[in-house]
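Structure record follows, encoded as structure tokens.
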Protein chains: 2
Amino acid sequence: MKYSFRCKCPITSALDIVGDKWSLVVIKQMLFEGRSTFKDFIDSPEAIATNILSTRLKMLENFGIIEKAKLPTNKKTNIYTLTEKGFSLTPVLIELTLWSKYHIQEFNPGLNLDKDLEKVEKNKEEAFELIIENYKKHKQSILKK
Amino acid sequence: MKYSFRCKCPITSALDIVGDKWSLVVIKQMLFEGRSTFKDFIDSPEAIATNILSTRLKMLENFGIIEKAKLPTNKKTNIYTLTEKGFSLTPVLIELTLWSKYHIQEFNPGLNLDKDLEKVEKNKEEAFELIIENYKKHKQSILKK
DNA sequence: TTTTATTACTTGCAAATTGAAAGTAAAAAA
DNA sequence: TTTTTTACTTTCAATTTGCAAGTAATAAAA
């Protein structure tokens, strides 16, 4: 399959993959909100359109950012989970959170900021590892059912 | 002016401001490539359309992410520079760079990766500060002409 | 076992965003 | 004074996002 990039810049290339309106939101919903099924995503506060979600999940799977599985006990529901490539976006998402904390409150008052954000700020790398570790456990637990 | 956000999530809110196709690219061009005029942006490898660039610069200025000035010796050219709100996106951009280094090479071989990226990885916070310091000096020098 | 409800999408069309190309006007440069 | 350059704007086209209805497979309920 042919991938189309604007140039050889790493930042622009990253954005050519996850820089659309919904990709990072879906990844955030998986990583921080534990969402893993089509219905989970549809029911999120952001309310993504079903045709957009479908297209986006296919694209993220195609890039190896997420993977799709089914439980032996359930032939219907797809379980979408992040791969390493996917949860390696944790630092990007955390830095966006911190940026919003300091710079977006004035435009969107009452942001839902995690109460542990100060701990995160004090030791970002440790926080990244903890979040990823938690996600891996979560992933194991939902695929074990 | 009314701002429209999808919800109260800090990540989604950040993306509601800078999550379009071009905003982070323009910010990256200012921060890392020293671009500051309309012509500079137009001449970048990414080749943004003029009507989109115009709209995007207005929006970024409106959110206080960039500011516009003119030199006393030049009534024509607008000088666009990052405010603190703007260059505080440095960590987001650096994390996108690192993500690309490890996860995007296979899709876009031959990425232009900075040779100092290993130093950056070793001490991210220090690298962020250095980049911001460098940008501030650059900003002072282009506004002093 | 049958019926109903739910989930996971697809489809068709509309709205919004992005973009190409031409044009305009002010200012700088020649 | 003339020409070139820059900074956009405008118009229309292409692409992306989104609404709403529909479909089919499967799970759940009766």
Side-chain angles (χ1 to χ4, degrees), chain A residues 2-7 12 15-27 29-30 34-63 66-81 142 145, chain B residues 2-7 12 15-27 29-30 34-63 66-81 142 145:
Chain A
K2 188 81 160 62
Y3 306 100
S4 178
F5 293 91
R6 279 172 276 186
C7 61
T12 308
L15 294 170
D16 282 336
I17 296 179
V18 295
D20 62 80
K21 185 170 170 175
W22 289 103
S23 293
L24 285 174
V25 172
V26 169
I27 293 165
Q29 289 174 347
M30 295 172 83
R35 295 175 195 273
S36 55
T37 67
F38 202 93
K39 174 84 162 124
D40 286 344
F41 298 118
I42 290 305
D43 287 344
S44 69
E46 286 94 344
I48 186 172
T50 54
N51 56 320
I52 303 302
L53 178 58
S54 174
T55 305
R56 211 60 80 237
L57 290 172
K58 282 185 172 51
M59 188 276 299
L60 290 170
E61 188 182 4
N62 188 61
F63 277 106
I66 68 174
E67 57 197 356
K68 183 164 78 175
K70 278 181 172 19
L71 296 174
T73 53
N74 190 335
K75 276 179 181 172
K76 189 180 180 186
T77 303
N78 287 319
I79 307 287
Y80 296 97
T81 53
I142 61 180
K145 277 164 177 162
Chain B
K2 187 83 160 64
Y3 305 100
S4 180
F5 293 91
R6 281 173 275 189
C7 62
T12 308
L15 294 170
D16 282 337
I17 295 177
V18 296
D20 63 80
K21 185 171 171 176
W22 288 103
S23 293
L24 285 174
V25 172
V26 168
I27 292 165
Q29 288 173 347
M30 294 172 84
R35 295 175 196 272
S36 56
T37 67
F38 203 94
K39 173 84 161 126
D40 286 345
F41 298 118
I42 290 306
D43 286 344
S44 68
E46 288 94 345
I48 186 173
T50 55
N51 55 321
I52 304 303
L53 178 58
S54 174
T55 305
R56 212 59 80 235
L57 290 172
K58 280 184 176 47
M59 188 274 297
L60 290 171
E61 187 183 4
N62 189 60
F63 278 107
I66 66 174
E67 57 197 356
K68 183 163 78 176
K70 277 182 179 4
L71 296 175
T73 52
N74 191 334
K75 279 181 178 169
K76 189 181 184 185
T77 301
N78 288 318
I79 306 290
Y80 295 96
T81 52
I142 61 182
K145 276 162 180 164

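Proteins get letters first, then strands, A, B, ... in listed order; numbering begins at 1 in each. The basis for the numbers below is simple: all heavy atoms, side chains too, and nothing from hydrogens, waters or symmetry mates.
The side chain of B/Ser54 lies closest to D/dT9 when the candidates are D/dT6, D/dT9, D/dG18.
Following rounding to the nearest Å, A/Arg56 (CZ) and D/dG18 (C1') show an atom-to-atom distance of 11 Å. The distance from atom CH2 of A/Trp22 to atom P of D/dT15 is 23 Å, rounded to the nearest whole Å. For A/Lys70 and D/dA27, the NZ to P distance is 9 Å, given to the nearest whole Å. As rounded to whole Å, 15 Å separates atom P of D/dT15 from atom CD1 of A/Ile52. For the pair B/Lys58 NZ and D/dC8 C1', the computed distance is 8 Å after rounding to whole Å.
Between A/Val18 and A/Leu24, the closest heavy-atom pair is O-CG, 3.7 Å. Of all the heavy atoms in B/Asp16 and B/Phe5, the pair that sits closest is OD2-CA, 3.4 Å. In terms of heavy-atom proximity, A/Thr81 sits nearest to A/Ile142 at CG2-CD1, 3.9 Å.
A/Asp40 pairs by the salt bridge (Lys or Arg N to Asp or Glu O under 4.0 Å) definition with nothing, not counting sequence neighbours. Residues passing the salt bridge (Lys or Arg N to Asp or Glu O under 4.0 Å) test with A/Lys68, sequence neighbours excluded: none. Residues that satisfy the ring-ring contact (aromatic ring centres under 6.0 Å, His included) test with A/Phe63, not counting sequence neighbours, are A/Tyr3, B/Phe107. Residues passing the side-chain hydrogen bond (donor to acceptor under 3.5 Å, both in side chains) test with A/Glu61: none are found, sequence neighbours excluded.
Between A/Lys75 and A/Thr50, the one whose closest nucleotide on DNA chain D sits nearer the 5' end is A/Thr50. Residues A/Asn74 and B/Lys76 each lie close to DNA chain D; by heavy-atom proximity, the contact nearer the 5' end of the strand is made by B/Lys76.
Within residues 42-49 of chain B, no residue has a heavy atom under 4.0 Å from DNA chain D.
Among the atoms of the strands shown, only primed sugar atoms or phosphate atoms (P, OP1, OP2) are found under 4.0 Å from some heavy atom of A/Thr77. If you check every strand for non-hydrogen atoms under 4.0 Å, B/Tyr80 touches sugar and phosphate atoms only.
The base of D/dT16 lies outside donor-acceptor range of the side chain of A/Lys21, with no N or O pair under 3.5 Å. On a pure distance criterion of 3.5 Å, a polar donor-acceptor pair joins the side chain of A/Asn51 and the base of D/dC19.
The outermost nucleotides of DNA chain C lying under 4.0 Å from heavy atoms of chain B, listed 5' to 3', are C/dT18 to C/dA28.
Put simply, the side chain of B/Phe41 reaches to within 4.5 Å of the side chain of B/Met30, judged on heavy atoms.
One distance of note links OG1 of A/Thr77 with NZ of A/Lys39; it measures 11.0 Å at 0.5 Å rounding.
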